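Note sheet for the following structure.
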Amino acid sequence: MAAPSGRSGSSSSSFGSSSRSVPPSYANYASPVDSTFTPTSAVSALTSESSAPQTPLGPLDLGPPGYHATIKLYERTPNETTVYLGPWEVIGIEPRRVVWSCSYQGETLEHFLPSDNPTNLFPYTLHAQHRRFGDPRDMELYLTFREPHRIRYTTVEGVVHDEFIEVKYEFTTVEGSIQFQSDIRRRDLIDWFDVDVVWSDSHRRTDSYGNVRGLGTIQRMKLWRDRYSTFHYLTFYANHRRRWKEYLVHDFDPELRHRDDRHRRLQLTARGARRGSAPESSHNQGRDRRFSASSIFSRPRHTSSSNSTHSGGGSSSSSSPTNPGGPDLRYLGIQFTRNDRAQPGSDGENIHVNIDGTYLPSCSMKKIILSVNAGSSSVKVSVYSAEHGTDPQQLAEAQLSGLTAPPAKLDYSRRGETISKDHQLESKKKIANQAEAFEILLKTLIDDKGLAEIKHKDDVGIVCHRIVHGGDYSKPQLISDGTYRHLEALNDLAPLHNANSLSIVQLCLGELLPRAKNVACFDSQFHATIPDHIRTYPISLDIAKSNKLRKYGFHGISYAFITRSVVGFLEKPEEEVNIIALHLGSGASACAIRGGKSWDTSMGLTPLAGLPGATRSGSVDPSLVFHYASGDVGKLSPNSTKELHISRAEEIMNQEAGWKALTGTTNFGAIAKGADEGDRKMKLAFDLVVDRICGFVGSYYVTLNGKVDALVFAGGIGEKGDTLRSAVVKNIACLGFAVDEGRNKKDEKHKGDVVRDITGKDARHHVLVCKTDEQFEMARGCARDKELW
Ligand SMILES: Nc1ncnc2c1ncn2[C@@H]1O[C@H](COP(=O)(O)OP(=O)(O)O)[C@@H](O)[C@H]1O
Ligand SMILES: CC(=O)OP(=O)(O)O
Ligand SMILES: [Mg+2]
């Protein structure tokens, strides 16, 4: 689940080597909402017995808005005070210090850093075992240092505190703490691992009596990336030696030795380890080592002055580029802690599952993302390996299609290689629903011996789910009980989708993938930019508001992917790109994209509006439904609707209409073929669909004032249906569109491209085919968002 945000100090404060039972005191904090609040009331107690009335806060008080952390001054004295800290700035010159703006005007808190060398600084957090019942990630909220630091606190009354104290920050979010640690060290904190024991050739894992000893026990190891050189460093507190250790990861062999999954142990062997144990050297001794050109050049070069600032702390400096001798040991043994509550990736769990032949830093940063797209006629699942902040790399893709036209077919590819295509499952039994399809796909992935990255369901770190209707959600959400319930309430607004997707979510949260983070990504999100006059229905505004009746629009994950891909193809700034995009699958929609943003789309309150779909009517005269069951043509009376319950009407329009109602098949490929061969019903359906599409293209062409960069075809039909593309473009030739029939039919040269250009000669606008990828779009969003990672 997400790191809690906006939390105030609470009784779960985790400083100290074990869970403290004493809740932090709020006695000196006056709530800003209290009528006696003055801007300095929070600190007045520091200098005197406050004259302002003191209001002890209940546990639900959230502190002043926008604070990032708190610090306690005069701890465990009658003057103990919590100071609420706002944004910080690290001032780089002597003395190097962090300047915090406090949440109250005119107050600052300066944290003097003990060294001008950022890498000499080691922010310390406890191993998750010290707080047994919380999320291990939350340990990063509580930050301290192993030695006293000087804290100067200045209010409008002057300096009220200037002492060396044991600094203890409590951050409001894990992300804030990560950022702070990275800023003060000038190295980005990119991961951490709770370890049971770290040992080396000179500090063995156990002593001669068999007691666990090593260099450090029950410590949190941290992985850093230097901001200038991008070198990776491992740090941990060697508690038995009472000193910090820092190792340049490059100094170890990429090959992991003595991997023992059962005990979660592995060994990092120093590159070119010298015979015999290297003596543990002090920081200065390390510096005094003789320069060796060959060892300097055998590792990546620093690109900035950071090599001169590297310290490594304690004896660790021997691993730095200024210390060409390599690390002060021949090997480092690590035994990761098993933590059943840990999110994969937040501790040794991840390293345990991913170390196979992979280099430590990269494997520890990577997560496996499963991206699930439950469409109305298919379920598609893609597997990615991703590093935070970068584009996910696809490892495999499995899809079951034709759920509405059994037997369903399985397509499976791994690392771009087709493993099975149109494979009919052995069981002839109809797949009952999307959840059942998902279970089959997940089993396919886990059982595939060639997909080493997922040997076990616990290897999956994040599952992102396409949720068609997201109501007012404007960004993807980590799925909590609250989100789940909120989405459940929208089920009827996407009757072919939301309930199916949520049943997959439920399976994942339950028995299938209980250790993964579940993220909901919304089709409606992309359309949040549709202006009011377009998204409003001409009905009572009060009812519209209270019942949230408006155009939401769907296929937005696909449109986001299409927009970025076409912007890249056109090589124009996104804000100048106008597109008419068509996502044509079992559900079909059109979208006018203006300046890279959704301006209008054909689906509405539900995915029923607009274009017809496989089993959906698309837009029809709304009165049609009241006459549907009536034998009494033209008469609209209670009699004509008495057989028709409202939910039945929805069923008819969503499931008993569309091109299946006209032809008997949901397969538009078969319809296009039949139409070409002169089948009357097929031709009627084909022409009808072409007509409705052209209607939207014409309308959007006007909406975009004729300034259209490209007409884009996407979705199963848009990508595969060459005859449909050809027919649509012929019908809108008057607007300056044309296709090159050769390229439209088969463009071998550009077959694998995400965007394929099929524009004909003398056309005024591009005609493109975009191989849309909703799964990628969702996984990309998760990899980029700190809160979802
Ligand atoms: N060769 C083809 N030509 C036209 N349409 C096709 C062809 N092959 C498949 N299709 C259509 O593509 C649809 C699937 O599109 P897709 O976007 O994957 O569906 P979903 O709406 O389930 O996400 C099928 O229902 C079928 O009608
Ligand atoms: C919104 C929608 O209709 O989606 P799909 O085409 O995947 O069924
Ligand atoms: Mg789809």
Side-chain angles (χ1 to χ4, degrees), residues 371-381 397 399-406 408-409 411 421-422 431 434 437 465-470 490 493-498 500-501 521-527 552-559 561-562 582-591 601-618 654-655 658-660 663 665-676 682 685-686 689-690 693 713-728 744-746 769-775 777-778:
S371 210
V372 187
N373 171 5
S376 48
S377 72
S378 62
V379 178
K380 300 167 189 164
V381 179
E397 180 173 353
Q399 81 171 64
L400 266 169
S401 55
L403 300 182
T404 49
K409 299 204 179 89
D411 288 347
K421 178 109 191 88
D422 286 343
I431 294 174
Q434 274 71 355
H465 302 264
R466 173 178 172 228
I467 308 283
V468 162
H469 211 305
L490 297 169
L493 291 179
L496 302 182
H497 296 89
N498 269 38
N500 279 327
S501 299
C521 306
F522 307 109
D523 251 13
S524 41
Q525 181 189 321
F526 182 75
H527 302 294
Y552 288 88
F554 308 98
H555 287 141
I557 298 167
S558 172
Y559 288 130
F561 179 92
I562 292 169
L582 302 167
H583 180 108
L584 311 173
S586 293
S589 73
C591 186
T601 192
S602 57
M603 286 180 174
L605 171 69
T606 77
L608 180 60
L611 295 171
T615 61
R616 281 172 255 178
S617 64
N654 276 290
Q655 279 162 266
W659 53 80
K660 177 159 187 216
T663 64
T665 177
T666 55
N667 182 348
F668 201 83
I671 294 173
K673 190 160 174 283
D676 197 39
M682 300 288 193
F686 185 87
V689 171
V690 170
I693 293 172
F713 288 89
I717 302 170
E719 290 161 35
K720 293 180 204 146
D722 53 349
T723 44
L724 176 104
R725 292 194 297 258
S726 173
V728 167
N744 180 40
K745 287 240 163 332
K746 220 188 224 166
V769 181
C770 179
K771 197 169 170 344
T772 192
D773 194 339
E774 291 152 298
Q775 296 94 286
E777 191 63 25
M778 294 190 280

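Bear in mind the structure is a predicted one, so any value in this text is a computation, not a measurement. Counting convention: from 1, in listed order, for ligands and their atoms alike.
Checked against a 3.5 angstrom limit, the closest N/O atoms of His583 and ligand 1 fall outside it. Not a single N or O atom of Ser377, backbone or side chain, sits closer than 3.5 Å to an N or O atom of ligand 2. By the 3.5 Å distance cut-off applied to N or O atoms, Ser376 is counted among the residues near ligand 2. The shortest N or O to N or O distance between Gly375 and ligand 1 is not under 3.5 Å. The distance criterion of under 3.5 Å between nitrogen or oxygen atoms is not met by Asn373 with respect to ligand 2. At under 3.5 Å, a nitrogen or oxygen of Gly587, whether backbone or side chain, sits near a nitrogen or oxygen of ligand 2.
Residue contacts with ligand 1, taken as heavy atom pairs separated by less than 4.0 Å, do not involve Thr404 at all.
Thr663 places no side-chain N or O within 3.5 Å of a backbone atom of Met682 that could act as its donor or acceptor partner. The backbone N or O of Arg616 sits nowhere less than 3.5 Å from a side-chain atom of Asn654 that would complete a donor-acceptor pair.
Atom 4 (O) of ligand 2 has its closest protein heavy atom at Arg466 NH2, 2.9 Å. Protein heavy atom in closest approach to atom 6 (O) of ligand 2: His555 NE2, 2.9 Å. Looking only at protein heavy atoms, the nearest one to atom 14 (C) of ligand 1 is Gly716 CA, 4.1 Å. Of all protein heavy atoms, the one lying nearest to atom 5 (N) of ligand 1 is Gly669 N, 3.4 Å. Shortest contact from atom 11 (C) of ligand 1 to any protein heavy atom: Ile717 CG1, 3.5 Å. Protein heavy atom in closest approach to atom 26 (C) of ligand 1: Phe668 N, 3.8 Å. Ser586 N, 3.0 Å is the protein heavy atom nearest to atom 21 (O) of ligand 1.
Donor-acceptor pairing under 3.5 Å is recorded for the side chains of Tyr559 and Ser589.
We find the CZ-CD distance between Arg725 and Glu719 to be 9.0 Å, quoted to the nearest 0.5 Å. To the nearest 0.5 Å, the span separating CD on Glu397 from OG on Ser371 amounts to 9.5 Å. The CG atom of Asn500 sits 11.5 Å away from atom CZ of Arg466, with the distance rounded to the nearest 0.5 Å. For the atom pair CD (Gln525) and CD1 (Ile557), the distance works out to 7.5 Å, reported to the nearest 0.5 Å. Atom CG of Leu611 sits about 7.0 Å away from atom CG of Leu584, to the nearest 0.5 Å. Separating the CG atom in Leu490 from the CZ atom in Phe522 is a distance of 8.5 Å, to the nearest 0.5 Å.
Short contacts between ligand 1 and Gly585, defined as distances under 4.0 Å to a heavy atom of the residue, involve ligand atoms 15 (O), 17 (O), 21 (O). Under a 4.0 Å criterion applied to the non-hydrogen atoms of Gly587, ligand 1 contributes the atoms 21 (O). Contact atoms of ligand 2 toward Met603: 3 (O) (distance under 4.0 Å to a heavy atom of the residue). Atom numbering of ligand 1 starts at 1 in the shown order; those under 4.0 Å from a heavy atom of Ser378 are 20 (P), 22 (O), 23 (O). Proximity to Thr666 (heavy-atom distance under 4.0 Å) selects the following atoms of ligand 1: 25 (O), 27 (O). Under a 4.0 Å criterion applied to the non-hydrogen atoms of Ser377, ligand 1 contributes the atoms 19 (O), 20 (P), 22 (O).
A side chain to side chain contact (heavy atoms under 4.5 Å, CB included) with Lys660 is found for exactly one of Thr665, Thr666, Asn667, namely Thr666.
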Exercise. side-chain contact (heavy atoms from CB on, under 4.5 Å) between His583 and Met603: does it pass, once the steps are laid out?
Worked result: CA-CA 11 Å; His583 180 108; Met603 286 180 174; over 6 Å; no
For this session: Show your reasoning for whether ring-ring contact (aromatic ring centres under 6.0 Å, His included) applies to His469 and Phe554.
Result: CA-CA 7 Å; His469 211 305; Phe554 308 98; 5.0 Å; yes
For this session: Test side-chain contact (heavy atoms from CB on, under 4.5 Å) on Val379 and Leu403 and set out the steps.
Result: CA-CA 8 Å; Val379 178; Leu403 300 182; 4.1 Å; yes
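Using a 30° and 60° split on the angle between ring planes, Phe668 and Trp659 fall in the perpendicular class, above 60°.
Not a single heavy atom of Ala614 sits closer than 4.0 Å to an atom of ligand 1. In this structure, Arg616 counts as a contact residue of ligand 2, since one of its heavy atoms falls inside 4.0 Å of the ligand. The shell of residues lying under 4.0 angstrom from ligand 1, judged by heavy atoms, includes Lys380.
For the residues Glu774, His497, Lys720, the heavy atom positioned nearest atom 8 (N) of ligand 1 is part of Lys720.
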